[in-house]
Amino acid sequence: MTRQREVVLQVIRDSHEHLTANEVFAAAKARLPSISFATVYNSLRYLKDAGHIAEIQFGNGASRFDRMTSRHDHAICTVCGTLVDIEMEVPPDILKRAAKYSRFKPESIEFTLRGKCPDCVGS
Ligand SMILES: [Zn+2]
Ligand SMILES: [Zn+2]
């Protein structure tokens, strides 16, 4: 793996957030000032294809990159946009049921909880 890719991967692994490409670029540049946005972008593509990171998309918002590559769900705050991981068990037949209703050949299923995060509820 190239130095640039290593830096990009480290940025994502060190972060507890789900960073956008722009945020990854800012953090990578702090560690490796010569790195370009194009290199960061290409590294993200490479790391995703190699299974080191996951990419998540919500509607038409910017993609976010996730260090957790195993199946998990997310909660997103409708006020501040905070995105957190949820690790919960889902009913084993839910994929089959969703496939039946949609008549799709299923591959994966994810849930997104939308609401107010504890900080936004408190304020
Ligand atoms: Zn919030
Ligand atoms: Zn996640």
Side-chain angles (χ1 to χ4, degrees):
M1 203 185 287
T2 64
R3 174 95 183 98
Q4 284 95 335
R5 283 174 185 170
E6 244 167 56
V7 167
V8 169
L9 182 59
Q10 222 46 59
V11 163
I12 292 166
R13 290 208 168 141
D14 290 351
S15 172
H16 294 269
E17 308 288 320
H18 295 69
L19 303 175
T20 62
N22 279 325
E23 289 166 340
V24 173
F25 174 56
K29 207 167 168 58
R31 296 181 191 198
L32 197 67
S34 63
I35 203 164
S36 69
F37 183 78
T39 302
V40 168
Y41 191 82
N42 291 334
S43 299
L44 289 169
R45 295 265 83 80
Y46 168 85
L47 292 167
K48 186 197 157 190
D49 290 345
H52 296 298
I53 59 171
E55 181 178 7
I56 36 180
Q57 280 172 304
F58 293 103
N60 48 16
S63 288
R64 308 228 214 167
F65 294 90
D66 199 331
R67 61 189 177 147
M68 239 163 91
T69 53
S70 56
R71 205 209 78 81
H72 65 284
D73 300 301
H74 293 99
I76 186 163
C77 178
T78 51
V79 179
C80 69
T82 288
L83 179 68
V84 301
D85 291 322
I86 310 173
E87 287 175 80
M88 64 174 186
E89 288 186 13
V90 299
D93 67 335
I94 199 143
L95 188 67
K96 267 189 207 154
R97 277 164 53 199
K100 194 176 152 208
Y101 288 126
S102 63
R103 298 164 68 194
F104 274 40
K105 184 176 181 296
E107 288 168 7
S108 65
I109 191 161
E110 282 119 40
F111 298 97
T112 307
L113 173 71
R114 286 169 211 276
K116 291 193 177 82
C117 74
D119 286 348
C120 290
V121 168
S123 63

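Just so it is clear, the values below take in all heavy atoms, side chains as well, and ignore hydrogens, waters and symmetry mates. All ligand and atom numbering here is 1-based and tracks the order in the structure.
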- Query: Once the angle between the rings of F37 and F25 is folded into 0 to 90°, is it parallel (under 30°), tilted (30 to 60°) or perpendicular (over 60°)?
  - Reply: perpendicular
- Contact summary for G51 and T69, nearest pair of heavy atoms: O-CG2, 3.6 Å
Show which side-chain atoms of residues 97-122 pair as donor or acceptor with protein atoms under 3.5 Å away, not counting sequence neighbours.
{"from": "S102", "atom 1": "OG", "to": "A98", "atom 2": "O", "distance (Å)": "2.9"}
{"from": "S102", "atom 1": "OG", "to": "A99", "atom 2": "O", "distance (Å)": "3.4"}
{"from": "S102", "atom 1": "OG", "to": "F104", "atom 2": "N", "distance (Å)": "3.2"}

- Go through the steps to decide whether Q10 and L32 satisfy the test side chain to side chain contact (heavy atoms under 4.5 Å, CB included), and finish with yes or no. CA-CA 12 Å; Q10 222 46 59; L32 197 67; over 6 Å; no
- Query: Which class fits the ring pair H52 and Y46: parallel under 30°, tilted 30 to 60°, perpendicular over 60°?
  - Reply: tilted
- Which residue pairs satisfy the salt bridge (Lys or Arg N to Asp or Glu O under 4.0 Å) criterion with at least one member in residues 47-67, sequence neighbours excluded? R45-E55, K48-E55
- Note on the structure: Near the Zn ion (ligand 1), meaning under 2.8 Å, the protein N/O/S atoms are C77 SG, C80 SG, C117 SG, C120 SG
- State, to 0.1 Å, how close I53 and L9 come at their nearest heavy-atom pair, and which atoms those are. CG2-CD1, 3.8 Å
- A correct count of protein N/O/S atoms found below 2.8 Å of the Zn ion (ligand 2) gives 5
- Distance col, row S36:OG vs K29:NZ, nearest 0.5 angstrom, shows 8.0 Å
- Task: Return the minimal non-hydrogen interatomic distance between S43 and V8, and the atom names on each side.
- Result: CB-CG2, 3.9 Å
